[in-house]
Amino acid sequence: MAATPAPPAAPPKPTWDPNRPEPPFPWLRPTIRIRLTLLYGGMFLIAGILLLSIIYLLAAQALRTGSEPLFKIVEFNDLKVTSNDCPGVNNKLSLTEFNDAISACTDHQRQVALDHLLSRSLLALLGLAVIAFAFGYAMAGRVLSPLGRITRTARAVAGSDLSRRIELDGPDDELKELADTFDDMLERLQRAFTAQQRFVGNASHELRTPLAINRTLLEVHLSDPGAPVELQQLGKTLLATNERSEQLVEGLLLLARSDNQIVERKPVDLAEVAAQAIDQVHAEAEAKGVEIRSTRAPAVVQGNGVLLERIALNLVQNAARYNVPEGGWVEVTTEVQHEQAVLVVSNTGPVVPAYEIDNLFEPFRRLRTERTGSDKGVGLGLSIVRSVARAHGGHISARPREGGGLVMRVTLPI
């Protein structure tokens, strides 16, 4: 029996202590609220100063333009008047008309200057708004970048990679507290999972060995031709019970191992996996009068071939065992749909109520049967299938088939 692998070394303990006393002036901490307030307050202050400066320069330019002389006396004796900005002002007007024309021209020039000031101010405001939004977006991304780091680590941990840590550096603010708390939680989870793996390894040794010894002793006694008939019948019963216990132990250990992330992945064709499962169940199905037909298209996924074969084997075995007494069939299909590999196993069988579907995936649960007293299995087949599918990033769904039986659909990412 292979030795249990040593657990990975735990990362350094987070520096944040949840029991650490509060500082004497907690309001002086560089919290996210204070940092964002100072950042965006300073940004708007700088933008306001720039806007006021631009408006001041534009207004000064407009006033200089409006203060230029609108007309000039070209000949003092005859008082000849000309104006490029006010062509209506000339020496042919009477004194009243001349003064009115000068007033109207001055008002017009001021209005033009104000219109220019308004249009240029709006353009300056638009430019500053674009710069402010771009600067704010960049600064917000910089401030919130630790959240992205926490999210990426959480996604890695969601795939059962408990060795990952955030180890966030920076000011002692809310984000660092969150990251350190998350690291502390991951450390505790890793210790728990390491203890679980150690227990699985020890249990596999402690449970398999006596069961194997019992099986050997029973087989030796059953091979004695001179043994009484009652003893042979008792030996066969005990051998069947021992075999059932071995199946239960193997199923529990496989269920515990399959809950972990699949580290070593290789290309596996679901069509080949389905063919292997059909070959193993063919004799049992033929003895029960169940026909197995299949349509297998290539569907290559990255995963563990042994565990994926267990998915197909459990589904095909259940489909053959829980079938109708006569004229039953099992159909196995593999294909690629929407960039996902799909394995579908459908069969004839008893009518399954829709509300019973979810219970079928629970350990030791069967349709209308108890946990013991059945010769069809130990009640872990579909639990193992769901666990292995989740470990590969996929899922399994089931629905009742019209007329009886089930349609099991396993989807796995390519």
Side-chain angles (χ1 to χ4, degrees), residues 1-9 152-164 189-190 193-194 196-198 200-201 203-205 208 247 249-282 292 294-319 330-345 361 380-398 408-414:
M1 176 180 175
T4 304
R152 290 190 296 270
T153 304
R155 287 176 179 173
V157 173
S160 298
D161 185 9
L162 295 178
S163 62
R164 295 288 299 272
L189 286 176
Q190 188 177 33
F193 274 92
T194 301
Q196 179 192 21
Q197 291 175 355
R198 188 180 298 111
V200 169
S204 63
H205 176 74
R208 285 174 175 174
Q247 292 178 359
V249 171
E250 290 292 338
L252 288 173
L253 295 177
L254 180 60
L255 183 61
R257 287 196 300 266
S258 60
D259 281 333
N260 298 326
Q261 177 72 12
I262 307 300
V263 178
E264 295 183 0
R265 295 174 178 263
K266 297 180 180 179
V268 180
D269 191 352
L270 289 186
E272 297 180 2
V273 169
Q276 292 289 337
I278 292 173
D279 291 341
Q280 296 183 49
V281 184
H282 180 73
I292 299 180
S294 63
T295 303
R296 301 189 298 271
V300 180
V301 300
Q302 297 292 326
N304 185 290
V306 177
L307 293 180
L308 291 176
E309 184 177 342
R310 175 66 66 171
I311 288 181
L313 180 60
N314 286 1
L315 292 179
V316 177
Q317 275 184 344
N318 283 353
V330 176
E331 185 173 4
V332 182
T333 303
T334 59
E335 59 183 341
V336 176
Q337 291 183 355
H338 308 295
E339 298 183 354
Q340 287 186 325
V342 180
L343 169 65
V344 180
V345 178
F361 294 97
L380 291 173
L382 292 182
S383 300
I384 293 173
V385 170
R386 181 176 62 179
S387 181
V388 173
R390 287 177 176 176
H392 284 80
H395 69 278
I396 178 174
S397 61
M408 296 287 184
R409 180 185 179 90
V410 180
T411 58
L412 299 172
I414 296 179

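What you are looking at is a predicted structure, and each value in this text was computed from that prediction instead of being measured.
- Inter-residue side-chain proximity for Val385 and Phe361 is flagged as unmet; no heavy-atom pair is nearer than 4.5 Å.
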key: Audit row: Val344, Thr334, side chain to side chain contact (heavy atoms under 4.5 Å, CB included) steps and yes/no   = CA-CA 6 Å; Val344 180; Thr334 59; over 6 Å; no
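- Here the shortest heavy-atom pairing between Gly303 and Val268 reads O-CG2, 3.7 Å.
- Asn304 is listed as a side-chain neighbour of His392, based on a closest heavy-atom distance under 4.5 Å.
- Closest approach of Ile278 and Arg296 over heavy atoms only: CD1-NH1, 3.8 Å.
- Separating the CD atom in Gln302 from the NZ atom in Lys266 is a distance of 11.0 Å, to the nearest 0.5 Å.
- Looking at heavy atoms from C-beta onward, Leu412 lies in side-chain contact with Leu270 at the 4.5 angstrom threshold.
- Judged purely by atom type and a 3.5 angstrom limit, Asp269 uses its side chain to pair as donor or acceptor with the backbone of Ala299.
- Rounding to the nearest 0.5 angstrom, the gap separating the CG atom in Leu307 from the CG atom in Leu313 is 12.0 Å.
- With no hydrogens or angles considered, no side-chain donor-acceptor pair links Gln317 and Gln280 at under 3.5 Å.
- Counting heavy atoms from C-beta on, the side chains of Ser294 and Glu331 never come closer than 4.5 Å.
- Thr333 is not listed as a side-chain neighbour of Leu343, based on a closest heavy-atom distance of 4.5 Å or more.
- Partners of Gln276 according to the side-chain hydrogen bond (donor to acceptor under 3.5 Å, both in side chains) rule, which considers only residues two or more places apart in sequence or in another chain, do not exist here.
- Scored by the side-chain contact (heavy atoms from CB on, under 4.5 Å) test, Gln337 finds Glu335, Val342, Arg409 as partners (sequence neighbours excluded).
- Considering all non-hydrogen atoms of both residues, Ile292 and His282 come closest at CD1-CA, 4.4 Å.
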query = Could you go step by step and tell me if Val336 and Ile414 meet the side chain to side chain contact (heavy atoms under 4.5 Å, CB included) rule?
reply = CA-CA 9 Å; Val336 176; Ile414 296 179; 3.5 Å; yes
Verdict with supporting geometry, Leu382 and Asn314, side chain to side chain contact (heavy atoms under 4.5 Å, CB included) = CA-CA 7 Å; Leu382 292 182; Asn314 286 1; 6.0 Å; no
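- The heavy-atom pair separating Ala312 from Ala274 by the smallest distance is CB-CA, 4.3 Å.
- For the side-chain contact (heavy atoms from CB on, under 4.5 Å) test, residues two or more places apart in sequence or in another chain that qualify with Gln340 are Thr411.
- Annotation for Ile311 and Ala389: closest pair CD1-N, 3.9 Å, computed over non-hydrogen atoms.
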